[in-house]
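Everything quoted here is computed from the prediction, not taken from an experiment.
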Amino acid sequence: MRQAVLNLEESRIREVANAGLGRSDVLAFWFGESDEGTPAVVRQAAVASIERGETFYSHNLGLPELRAAIAAYMSDLHRAVAPERVVVTSGGVNALMLAVQALVDAGDEVVAVTPVWPNLTAQPQIMGARLQCVALRPQPGGAWALDLDALLAAITPRTRLLILNAPNNPTGWTLRPEEQRAILAHCRRTGTWILADEVYERLYYAPSPKACAPSFLDLAEPEDRLVVVHSFSKSFLMTGWRLGWLVLPPAAVHHVGKLVEFNTSCTSVFTQRAGIAALQHADEITPRVVAHLRACRDTLLPLLQALPGVEVATPLGGMYAFFRLHGQGDSLATAKRLVTEAGLGLAPGNAFGPEGQGWLRWCFASHDPERLVQGVERLKAWLQVQSVRQGGYVGDIQKCST
C-alpha cells in the first residue's frame with residue numbers, strides 16, 4: 001500500500017456519525033445534504049430513461065445534450081461557456097479528483113485555503129503533493145476572512161495548483177470579485193493553476209444580479225489555467241445521484257476525458273437524463289431550494305447566537321452554521337459527547353483543518369425547520385448541564401422559538 005494512502009486520516013465527520021448509528025433519537029445535522037428528496041420531475045426523467053433501456057455506456061465526456069445544457073446554464077450565470085469546455089463527472093468529488101490527477105505530480109507544491117472540506121486537501125496528498133495551507137482568520141462575532149496578502153505571498157512560481165472553495169464549506173466565507181481578480185492576475189504571473197470548487201454558488205443569500213455567488217468564470221478567459229468544479233448535489237437536491245461537471249480550458253478537455261475512461265468510463269445515461277431535466281426546470285427548483293435554505297438559516301442562526309458560550313456569524317453562502325463553542329476543548333470529543341449525551345449530531349470543526357478546533361458545523365438544510373429548533377433546545381440543555389458541572393449557571397431553560 002502506498003504510504004500516501006496509509007497516511008490518510010479517516011473522516012472525523014463519519015466517525016461522529018458512526019457513533020450515532022442505530023439511534024433513532026439523534027437529530028442528525030452532520031452531513032452536507034438536505035433531508036428533502038430529489039424533485040419528482042428529475043426522478044421521473046431517470047425512470048423514463050431506464051424504461052427506454054438506456055443502460056449502456058455513454059461518451060467519456062458526457063451526453064452532448066447534457067454538456068450543451070450545462071454550458072447554457074453556466075453562460076446565463078457568467079461569461080459564455082462553450083459546451084466543448086464541459087466534462088460531465090460522477091459527482092463533484094469525482095470532478096475534483098480528476099482535476100487533481102490531471103494537474104498534480106508527486107512532489108508538486110499545492111496551496112489550499114482552509115478550513116475546508118477535507119477531501120480538497122486529501123486529494124493532492126494522495127497524489128504525493130507537498131501541501132501548504134493558508135488559513136482563513138476568524139473575526140470577532142464568528143465570521144471568517146481571507147488574508148489576501150498572505151495568500152498571494154504563498155503562491156510562487158513553484159506553486160503548481162491553488163485550491164479554493166467559495167462559498168466555503170464549512171465557514172460560509174465567500175470570495176469578493178476584487179479578491180478573485182487579484183488572485184487570477186497573480187496566478188497568471190506565477191503560472192499557477194486555480195482549482196475553484198464552486199458547488200455552493202447558487203446557495204448564496206446576498207443580493208446579486210444572477211442569484212449566485214461571484215465566480216472566477218465572471219473574470220477568466222477560456223484559456224486561463226482555471227478549472228471550475230460544479231455539482232447537481234446541493235442546489236438540485238441530488239446528492240445521491242453522483243452527478244457533477246468540470247469547466248476547463250479547451251485544450252485540457254480531451255486529456256481529462258482520458259482520465260474519465262480510466263476512473264469511471266462514463267456517467268450513467270439515466271443519471272445524465274435526470275441532470276438534463278434538472279437544468280430544464282432550474283428556474284423552478286433552485287429558487288425554491290434557496291428560499292427554503294434561507295428560511296432554515298434565519299431560523300437557526302438567531303437561536304444559536306442567543307446561546308451563552310456560542311459565537312457564530314450568519315453565513316452569506318452554503319448550508320452551514322459554523323460556530324465556536326467556548327470552553328469545550330477538542331471538537332471531535334465534543335461532537336461525540338453531543339451525540340451520546342444530547343442526541344444531537346454535528347460535524348466537528350477540526351475535521352476541516354486545525355483552524356476549526358473548538359468549532360462545530362451544523363448543516364441547516366432541514367426539510368422541517370422545527371428540527372432545527374429542537375436541536376437548539378438540546379444544545380442549550382446540554383450546555384446548561386456542562387455549566388452546572390463546572391460550577392456555573394446559565395439560568396432556566398426556556399423553549400426556543402422562531
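Nearest heavy-atom pair, F216 versus A196, reported as atom, atom and distance to 0.1 Å: CD1-CB, 3.8 Å. The two residues V42 and A277 have their closest heavy-atom pair at CA-CB, 4.3 Å. Considering every non-hydrogen atom in both P214 and L175, the closest pair reads CG-O, 3.5 Å. Heavy atoms only, all atoms of each residue included: G92 and R242 are closest at N-NH2, 4.3 Å. Here the closest heavy-atom approach between residue F29 and residue G375 is recorded as CE1-CA, 4.5 Å. Across all their heavy atoms, E54 and S49 have their closest contact at OE1-OG, 2.5 Å.
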Run Y200 and Y320 through ring-ring contact (aromatic ring centres under 6.0 Å, His included) and show every step you take. CA-CA 11 Å; Y200 294 97; Y320 310 107; 5.8 Å; yes
Show the numbers, then the answer: is there a side chain to side chain contact (heavy atoms under 4.5 Å, CB included) between T156 and E109? CA-CA 9 Å; T156 73; E109 181 180 294; 4.0 Å; yes
Please evaluate residues V373 and L303 with respect to the criterion side chain to side chain contact (heavy atoms under 4.5 Å, CB included), reporting the C-alpha separation (whole Å), side-chain torsions for both, the decisive distance (0.1 Å), and the verdict. CA-CA 8 Å; V373 178; L303 299 178; 4.1 Å; yes
Step by step, work out the side chain to side chain contact (heavy atoms under 4.5 Å, CB included) result for Q123 and V93. CA-CA 10 Å; Q123 288 167 336; V93 183; 3.9 Å; yes
Check the pair D224, R188 against salt bridge (charged side-chain N to carboxylate O under 4.0 Å, His left out), reporting the backbone distance first and the verdict last. CA-CA 8 Å; D224 273 317; R188 284 170 173 164; 2.7 Å; yes
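Under the 3.5 Å distance criterion, the side-chain polar atoms of R43 are matched with a main-chain donor or acceptor of T38. Side chain of R324 to backbone of V312: no donor-acceptor contact under 3.5 angstrom is found. Without hydrogens or angle criteria, S75 side chain to V81 main chain gives a donor-acceptor distance under 3.5 Å. Remark: side-chain polar atoms of R181 are not paired, donor with acceptor, to backbone N or O of L219 under 3.5 angstrom. Side-chain atoms of R67 never come within 3.5 Å of backbone atoms of G62 as a donor-acceptor pair (strictly under, hydrogens ignored). With R225 contributing its side chain and I194 its backbone, the two residues share no donor-acceptor pair below 3.5 Å. Proximity of a side-chain donor or acceptor of Q357 to a complementary backbone N or O of S331 within less than 3.5 Å is detected.
In summary, the side chains of N168 and T171 do present a donor paired with an acceptor at a separation below 3.5 Å, with no hydrogens or angles considered. For the residue pair E84/H254, the side-chain donor-acceptor check at 3.5 Å is not satisfied. Side-chain atoms of Q328 and T334 form no donor-acceptor pair, as typed in the model, at a separation below 3.5 Å. For the residue pair Q272/S58, the side-chain donor-acceptor check at 3.5 Å is satisfied. W144 and Q139 form no side-chain donor-acceptor contact under 3.5 Å, judged by distance and modelled atom types alone. Defined by atom type and a distance below 3.5 Å, a donor-acceptor pair is present between the side-chain atoms of R371 and S366. No side-chain N or O of N263 forms a donor-acceptor pair with one of N94 less than 3.5 Å apart. Side chains of D35 and H367: a donor-acceptor N/O pair is absent below 3.5 angstrom, by distance only. In summary, the side chains of N7 and R2 do not present any donor paired with an acceptor at a separation below 3.5 Å, with no hydrogens or angles considered.
Ion pair E33/K234 not flagged as a salt bridge, since none of the NZ, NE, NH1 or NH2 atoms sits closer than 4.0 Å to an Asp/Glu carboxylate oxygen. Here E261 does not pair with K258 in a salt bridge; the nearest charged N to carboxylate O distance is not below 4.0 Å. Under a 4.0 Å N-O distance rule, the pair K210/E201 does not qualify as a salt bridge. Under a 4.0 Å N-O distance rule, the pair D218/R79 does not qualify as a salt bridge.
When each of N165, D147, L164, T121 is tested with V113 by the rule side chain to side chain contact (heavy atoms under 4.5 Å, CB included), just one qualifies, namely L164.
Under the 30°/60° scheme for interplanar angles, the aromatic rings of F322 and W359 are found to lie parallel. Between W245 and Y73, the two ring planes are perpendicular [angle over 60°; tilted spans 30° to 60°].
The environment of CZ in R158 is sparse: at most 12 heavy-atom neighbours from other residues, nucleotides or ligands sit within 6.0 Å. No more than 12 heavy atoms of other residues, nucleotides or ligands shown are found within 6.0 angstrom of CZ on R137. Surrounding CD of E10 are at most 12 heavy atoms belonging to other residues, nucleotides or ligands under 6.0 Å away.
Listed by chain and residue number, nothing satisfies the side-chain hydrogen bond (donor to acceptor under 3.5 Å, both in side chains) test with T89 (two or more places apart in sequence, or in another chain).
A 4.5 Å side-chain heavy-atom check between V110 and T159 finds every atom pair outside the cut-off. Between V247 and V227 the shortest side-chain heavy-atom distance does not fall below 4.5 Å.
Cation-pi geometry between R297 and Y205 is met: the NZ or CZ atom falls under 6.0 Å from the ring centre, inside 45° of the normal.
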